[in-house]
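Quick caveat: nothing in here was measured; it's all calculated off a predicted structure. Keep in mind that the numbers below use all heavy atoms, side chains included, and drop hydrogens, waters and symmetry copies. Reminder, nothing fancy here: chain letters follow the sequence lines and each chain counts from 1.
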There are 2 protein chains.
Amino acid sequence: MSSDESPAGVRTLTAPDAASAAALVTDGLGADALVALFGRCTVDYEGRAASELGPGDRHVMLKPDGAALVHTDEGQKPVNWQSPGCEHDCRATEGATVVESRRTNPEESLVVRFSTVAHAAAFDVSDPETPEVIGTEADLKRRVLEEPSLVEDGFTPLATERKTPAGAVDVYGEDDAGRTVVLELKRRRVGPDAVGQLDRYVGALRRDLHADAEVRGVLVAPSVTGRARALLAERGLEFVPLTP
Amino acid sequence: MSSDESPAGVRTLTAPDAASAAALVTDGLGADALVALFGRCTVDYEGRAASELGPGDRHVMLKPDGAALVHTDEGQKPVNWQSPGCEHDCRATEGATVVESRRTNPEESLVVRFSTVAHAAAFDVSDPETPEVIGTEADLKRRVLEEPSLVEDGFTPLATERKTPAGAVDVYGEDDAGRTVVLELKRRRVGPDAVGQLDRYVGALRRDLHADAEVRGVLVAPSVTGRARALLAERGLEFVPLTP
DNA sequence: CGCTGGATGTCGCAG
DNA sequence: CTGCGACGTCCAGCG
């Protein structure tokens with residue numbers, strides 16, 4: 001086993017015994033560090049669902065906010081995980097290094113048992129930044145409100161997030177003939193689900209407004225799938241192609 | 001800077017210079033290792049959307065399948081990422097360690113620039129296991145097929161994944177009066193979206209079958225939200241409480 | 001490849 | 001806290 005402490009706020013152990021690994025994890029979490037373990041382990045989860053994972057080499061990350069992530073060499077998603085808000089606990093038990101992360105509401109537990117820890121590290125993290133993302137549905141909405149003719153000539157937005165019994169409508173307005181128009185905005189190509197959503201809003205408004213009020217539903221998205229297009233036609237809804 | 005090579009298939013560097021860090025990353029990826037970097041960096045993403053992230057301490061994981069994950073001290077989701085299938089590239093440029101992950105279809109790139117690498121590691125991963133998950137929708141389906149009376153006395157399943165113009169129905173069968181019954185199964189409490197889905201299937205079957213065929217739609221889930229319950233009533237659909 | 005729907009989805013926001 | 005919908009959702013399965 002070897003250990004290292006750098007000025008950069010990193011503490012590591014390579015091939016530690018179980019007690020040393022557990023101590024590093026416990027100390028690290030106590031100091032709000034981000035803790036990483038790599039080695040041979042089994043994983044057991046029980047909560048909303050349940051799962052078991054036999055022995056294998058995995059990378060386990062424990063965050064000071066209570067999140068836990070178990071990663072293998074494949075996939076973007078962790079093979080097992082626990083949400084933020086958990087309590088982490090790590091101890092050496094009969095030569096094994098055992099990490100437990102528990103939460104309530106829902107009651108969930110994740111247990112990782114390391115037969116061998118190949119590497120353990122505690123990182124002091126300072127990250128003042130939050131990322132700025134461009135190209136979201138909010139951007140699309142901004143674009144439509146700034147230039148309503150992108151949807152159609154004579155379209156006038158009157159409200160955003162207008163409440164209906166079926167939920168809030170993205171954009172609510174009227175066309176040049178005074179008909180009510182409901183927009184459902186999607187930042188990317190859409191399937192049948194988005195059409196169903198729009199249809200629920202249109203239906204709710206038709207019932208809510210005067211019986212003589214005409215309500216048009218318009219899906220605004222880069223494109224639609226075939227099934228979605230058929231569903232639009234069937235429900236008498238419209239589609240306007242527009243990209244964020 | 002210090003380095004370490006253990007018999008357990010782990011290579012690490014603490015506080016390496018840019019060239020050493022880049023070499024470890026490149027060698028590790030070349031050997032199908034899982035690579036982790038920790039240090040002060042900026043992150044730029046461009047693809048389906050776009051984002052920028054100023055300087056901060058983050059943990060970057062590069063997987064041999066092409067996935068890249070950038071984690072801060074908070075959250076279950078990476079603050080930035082790249083999907084499996086990317087090409088990773090790491091080089092030392094003007095004292096900085098720069099990681100680039102690129103893919104096509106869609107064209108996306110993630111660039112992480114480390115001003116300082118506090119720690120770098122390459123892990124040899126061997127993981128033969130895939131996790132067994134209990135409590136999924138598939139389990140609920142199994143339960144219903146084994147004991148159809150859980151849905152209602154006299155219910156007879158005839159097919160699963162039966163195709164309709166609106167998509168495949170979870171379970172298709174008939175009740176004791178010979179009426180067609182469509183089940184939509186959900187492993188957890190459901191909202192309006194699931195009702196919309198069921199409604200589409202029922203509508204498609206009503207159009208597809210003989211005009212005289214009666215079609216019942218039944219949502220099978222642990223529970224429903226208020227809005228979903230209202231929508232069920234409005235569409236003349238039913239609900240049976242059942243937990244996986 | 002594209003389409004579809006599930007997921008221990010996660011996350012953020014409003015009531 | 002629950003409900004609801006967005007998300008660079010991810011992911012498997014199928015045509």
Participant: Would you say the base of dT8(C) and the side-chain of Asn80(A) have a donor-acceptor pair closer than 3.5 Å?
Facilitator: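 Result: at least one qualifying N/O pair found.
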Participant: Rounded to the nearest 0.5 Å, what separates atom NE2 in His88(B) from atom CZ in Arg102(B)?
Facilitator: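 The CZ atom of Arg102(B) is 13.0 Å from NE2 of His88(B), to the nearest 0.5 Å.
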Participant: Heavy atoms only, 4.0 Å cut-off, all strands: where does Pro106(B) land among base, sugar-phosphate and nothing?
Facilitator: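 Here Pro106(B) touches no strand at all.
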Participant: Base, sugar-phosphate alone, or nothing: which one does Ala166(A) contact when heavy atoms must sit under 4.0 Å apart?
Facilitator: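 The answer is sugar-phosphate, as Ala166(A) gets under 4.0 Å only of primed atoms, P, OP1 or OP2.
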Participant: Nearest nucleotide by nearest heavy atom, which residue falls closer to the 5' end of DNA chain D, Ala138(A) or Glu74(A)?
Facilitator: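 Result of the comparison: Ala138(A).
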Participant: For the side chain of Arg200(A), starting at C-beta, report the closest nucleotide among dG5(D), dG8(D), dT8(C).
Facilitator: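 For the Arg200(A) side chain, the nearest candidate turns out to be dG5(D).
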Participant: To the nearest Å, how far apart are Arg142(B) CZ and dG6(C) P?
Facilitator: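 One finds 16 Å between P of dG6(C) and CZ of Arg142(B), rounded.
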Participant: Counting just side-chain N and O atoms, does Trp81(B) come under 4.0 Å of either OP1 or OP2 of dC10(D)?
Facilitator: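 Result: yes.
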Participant: Would you say a side-chain N or O of Arg227(B) is under 4.0 Å from OP1 or OP2 of dT2(D)?
Facilitator: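 For dT2(D), neither OP1 nor OP2 has a side-chain N or O of Arg227(B) closer than 4.0 Å.
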Participant: Can you tell me the distance, in whole Å, between the CD atom of Gln197(B) and the P atom of dA7(C)?
Facilitator: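 Value for this atom pair: 11 Å.
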Participant: Just to be sure I understand the rule, does Gly75(A) reach a base, reach only the sugar-phosphate, or reach nothing, if contact means heavy atoms closer than 4.0 Å?
Facilitator: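 Result for Gly75(A) = sugar-phosphate.
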Participant: For the residue pair Val240(A) and Val151(A), what are the closest heavy atoms and their distance?
Facilitator: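 It is CG2-O, 3.6 Å.
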Participant: Calculate the interatomic distance between Lys141(A) atom NZ and dC7(D) atom C1'; express it in whole Å.
Facilitator: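 Going from Lys141(A) (NZ) to dC7(D) (C1'), I get 15 Å.
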Participant: Report yes if a side-chain nitrogen or oxygen of Arg48(B) is closer than 4.0 Å to either non-bridging phosphate oxygen (OP1 or OP2) of dC10(D); otherwise report no.
Facilitator: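 Yes.
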Participant: Report yes if a side-chain nitrogen or oxygen of Thr136(B) is closer than 4.0 Å to either non-bridging phosphate oxygen (OP1 or OP2) of dG6(C); otherwise report no.
Facilitator: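 False: Thr136(B) side-chain N/O out of range (4.0 Å or more) of dG6(C) OP1/OP2.
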Participant: How far does the C1' atom of dA7(C) sit from the matching atom of dG5(D), given to the nearest Å?
Facilitator: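 The same atom, C1', in both gives a distance of 16 Å.
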Participant: Rounded to whole angstroms, how far apart are CZ on Arg162(B) and P on dT4(C)?
Facilitator: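 My rounded result for the distance is 18 Å.
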Participant: Does the pair Arg189(B) and Ser223(B) meet the rule for a side chain to side chain donor-acceptor pair (under 3.5 Å), with working shown?
Facilitator: CA-CA 5 Å; Arg189(B) 183 173 174 82; Ser223(B) 59; 3.0 Å; yes
Participant: Roughly how many Å apart are dC7(D) and dG6(C), using the C1' atom of each and rounding to a whole number?
Facilitator: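 Those two atoms are separated by 16 Å.
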Participant: Whether the Gln76(A) and Ser83(B) side chains hold a donor-acceptor pair (N or O, under 3.5 Å, no angle test) is what I'd like checked.
Facilitator: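 The criterion, which ignores hydrogens and geometry beyond distance, is satisfied for Ser83(B) and Gln76(A).
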Participant: Can you list the steps and then say if Asp170(A) with Lys141(A) is a salt bridge (charged side-chain N to carboxylate O under 4.0 Å, His left out)?
Facilitator: CA-CA 8 Å; Asp170(A) 282 343; Lys141(A) 185 192 292 186; 5.2 Å; no
Participant: What is the nucleic acid contact for Glu108(A), judged by heavy atoms within less than 4.0 Å: base, sugar-phosphate only, or nothing?
Facilitator: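 Here Glu108(A) touches the bases of the nucleic acid.
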Participant: From Asp193(A) CG over to Thr225(A) OG1, what is the distance, rounded to the nearest 0.5 angstrom?
Facilitator: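 Reported value, rounded in 0.5 Å steps: 8.5 Å.
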Participant: Would you kindly compare Glu137(B) and Ala228(A) by the position of their nearest DNA chain C nucleotide and give the one closer to the 5′ end?
Facilitator: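 Comparing both residues, the 5'-ward one is Ala228(A).
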Participant: Starting at NZ of Lys186(B) and ending at P of dC4(D), how long is that distance when rounded to a whole Å?
Facilitator: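 Computing the Lys186(B):NZ to dC4(D):P distance gives 15 Å.
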Participant: Between Lys163(B) and Arg103(B), name the one whose nearest nucleotide on DNA chain D is closer to the 5' end.
Facilitator: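 Closest to the 5' end, via its nearest nucleotide, is Arg103(B).
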Participant: Is the shortest side-chain N/O distance from Thr225(B) to OP1 or OP2 of dT2(D) below 4.0 Å?
Facilitator: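 Answer no for this pair, as no side-chain N or O of Thr225(B) is under 4.0 Å from OP1 or OP2.
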Participant: Taking atom C1' in both dC10(D) and dA6(D), compute the distance separating them and give it to the nearest angstrom.
Facilitator: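 Pairwise C1' distance, dC10(D) against dA6(D), rounds to 14 Å.
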Participant: May I ask you to evaluate whether Tyr201(B) reaches the phosphate of dT4(C), defined as a side-chain N or O under 4.0 Å from OP1 or OP2?
Facilitator: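 Tyr201(B) to dT4(C) OP1/OP2: no side-chain N or O under 4.0 Å.
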Participant: Both Gly167(B) and Asn105(B) contact DNA chain C. Which one's nearest nucleotide lies toward the 5' end?
Facilitator: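 It is Asn105(B) whose nearest nucleotide is closer to the 5' end.
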Participant: For Tyr45(B) and Gln82(B), what are the C-alpha separation, side-chain angles and deciding distance, and is it a side chain to side chain donor-acceptor pair (under 3.5 Å)?
Facilitator: CA-CA 9 Å; Tyr45(B) 157 76; Gln82(B) 196 63 286; over 6 Å; no
Participant: Could you tell me whether Glu184(A) contacts a base, only the sugar-phosphate backbone, or nothing, with contacts defined as non-hydrogen atoms closer than 4.0 Å?
Facilitator: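 Counting heavy atoms under 4.0 Å across all strands, the contact made by Glu184(A) is with sugar-phosphate only.
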Participant: Can you find a side chain N or O atom of Arg189(B) that sits less than 4.0 Å from OP1 or OP2 on dT2(D)?
Facilitator: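 It does not, given that no N or O in the side chain of Arg189(B) lies less than 4.0 Å from OP1 or OP2 of dT2(D).
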Participant: Between Asp193(A) (CG) and dG6(C) (C1'), how many Å, whole number?
Facilitator: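 It works out to 12 Å between those atoms.
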Participant: Give Ser51(B) one of three labels, base, sugar-phosphate or nothing, depending on what nucleic acid heavy atoms sit under 4.0 Å from its own.
Facilitator: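 Nothing, no nucleic acid heavy atom in range.
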Participant: Taking atom P of dT4(C) as reference, at what distance in whole Å does atom CZ of Arg188(A) sit?
Facilitator: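 After rounding, the reported distance stands at 12 Å.
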Participant: CG of Asp199(B) versus P of dG5(C): gap in Å, rounded?
Facilitator: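 One finds 14 Å between P of dG5(C) and CG of Asp199(B), rounded.
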Participant: According to a strict under-4.0 Å criterion, is Lys77(B) in side-chain N/O contact with OP1 or OP2 of dC7(D)?
Facilitator: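 False: Lys77(B) side-chain N/O out of range (4.0 Å or more) of dC7(D) OP1/OP2.
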Participant: Provide the distance between the two C1' atoms, one in dT8(C) and one in dC14(D), to the nearest whole Å.
Facilitator: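 About 25 Å, rounded to a whole number of Å.
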